[in-house]
Amino acid sequence: MVLRFLLLPITGPLMGVTWLGEKILEQASTEIDDKENLSKQLLALQLAFDMGEIPEEEFEIQEEALLLAILEAEQEGTMLEE
């Protein structure tokens, strides 16, 4: 315990950098998952339309919403990279 306290000036910044790296990785993984989920939803929507399960008007509304969500997710991703 005493040794840990004495080494804190050295290990403290390292633990902070490690924590920060984990948070950045967590955020990036969440964004990737969001984009993948939106793409899968768009694919499922296209399939449902092709099989005649939903009318064209409904398809167009949902497609536009999903495409806007994908675009927004990509823009947020590029903002974080800058």
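In this structure, CG in L43 is found 10.0 Å from NZ in K40, a value given to the nearest 0.5 Å. The structure places CE of M15 at 14.0 Å from CG of L20, a figure rounded to the nearest 0.5 Å. In this structure, CG on L38 lies 11.0 Å from CG on L71, to the nearest 0.5 angstrom.
In this structure, a donor-acceptor pair under 3.5 Å is absent between the side chains of N37 and Q41.
Between E63 and L42 there is a side-chain heavy-atom pair separated by less than 4.5 Å.
Under a hydrophobic-cluster definition in which Ile, Leu, Val, Met, Phe, Trp and Tyr are linked whenever side-chain heavy atoms come within less than 4.5 Å, directly or via other members, I61 and F59 are assigned to different clusters. One hydrophobic cluster, built from ILVMFWY side chains closer than 4.5 Å, cannot hold both L68 and L45; they sit in different ones.
Under the side chain to side chain contact (heavy atoms under 4.5 Å, CB included) rule, E60 has a single partner from Q62, E56, E64, which is E56.
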